[in-house]
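For ligands, and for the atoms within them, numbers begin at 1 and follow the listed sequence.
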Amino acid sequence: MKVRNDITTREDIELLVNHFYACVQSDALLSPQFSHVDWPKHLPIMYNFWSSMILGEQSYQGNPFQKHINLAIGSEHFGQWLRLFVNTVDENFQGERAEEIKTRAQHIAQLFQHKMGLH
Ligand code: HEM
């Protein structure tokens, strides 16, 4: 059985982000929302975002919500996004930070949905 360690380094975050967006790109519901995305540009932004959230790096500066305002997404997209995110974390990591990153993602998704008037 594969031994799963906790998220401790930026390399771990990069692996998680790469796996997650690979799932997103092959997901029938979510992939159309990402069809315009410039991946070589977007992925490093996401490495910075999650490293800042989880590892205490201060590498992300931005306004994430702003990027989502004009997307045609509903609660079903957020539900699927979270399912894929949680699965990707669970398949690769186990530990305190692995739990924390799932909780953070869930809270941000809730906040986005609240701001968008979704429930
Ligand atoms: C239905 C769910 C979601 C969809 C369809 C979605 C889609 C997108 C898209 C299309 C972008 C812009 C990428 C680009 O133009 O390069 C983006 C950026 C981003 N998203 Fe999401 N997203 C979703 C949920 C979330 C959640 C729950 C989080 C946080 C936990 C999140 C965090 C971010 C961040 C940090 C950025 C980068 C913002 C920046 O450029 O500074 N997204 N997302």
Of all the non-hydrogen atoms in the protein, which one sits nearest to [atom], and at what distance?
atom                    : result
atom 2 (C) of ligand 1  : Trp81 CD1, 3.4 Å
atom 39 (C) of ligand 1 : Tyr60 OH, 3.4 Å
atom 16 (O) of ligand 1 : His42 ND1, 3.6 Å
atom 7 (C) of ligand 1  : Phe34 CZ, 3.2 Å
atom 29 (C) of ligand 1 : Ile108 CG2, 3.5 Å

Step-by-step ring-ring contact (aromatic ring centres under 6.0 Å, His included) determination, Phe20 to Trp81: CA-CA 9 Å; Phe20 173 63; Trp81 190 104; 4.9 Å; yes

Quick one: does any side-chain atom of [X] pair with a main-chain N or O of [Y] as donor and acceptor, under 3.5 Å?
X     : Y      : answer
Arg4  : Asp90  : yes
Ser75 : Leu118 : no
Ser51 : Asn48  : no
Asn5  : Gln94  : no

For ligand 1, the portion of Met46 having any non-hydrogen atom under 4.0 Å away: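 Met46 to ligand 1: side-chain contact only, backbone stays beyond 4.0 Å.
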
Leu82 contact mode with ligand 1 (heavy-atom cut-off under 4.0 Å): neither

Test: Lys115 cationic atom under 6.0 Å from Phe65 six-membered ring centre, within 45° of axis: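 Flagged: Lys115 positioned over aromatic ring of Phe65.
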
Residue-ligand contact Val37/ligand 1, heavy atom below 4.0 Å: yes

Close-contact set for ligand 1 against Trp50 heavy atoms, below 4.0 Å: 30 (C)

Ligand-side contact atoms (ligand 1) for residue partner Gln33, heavy atom cut-off under 4.0 Å: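 Counting atoms of ligand 1 from 1, those under 4.0 Å from Gln33 are 5 (C), 10 (C).
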
Rounded distance [0.5 Å steps], CD1 in Ile13 versus OH in Tyr47: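 Between Ile13 CD1 and Tyr47 OH, I get 11.0 Å after rounding to 0.5 Å.
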
Contact check, side chains of Arg97 and Leu55, non-hydrogen atoms, under 4.5 Å: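 Sidechains of Leu55 and Arg97: in contact.
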
I want to confirm something. Looking only at heavy atoms, which of [options] is nearest to [atom]?
atom                    : options             : result
atom 1 (C) of ligand 1  : Lys41, His68, His77 : His77
atom 10 (C) of ligand 1 : His36, Lys67, Glu76 : His36
atom 35 (C) of ligand 1 : Phe85, Phe65, Phe49 : Phe49

Ser31 side chain to Asp27 side chain, donor-acceptor N/O pair below 3.5 angstrom: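 Short answer, no.
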
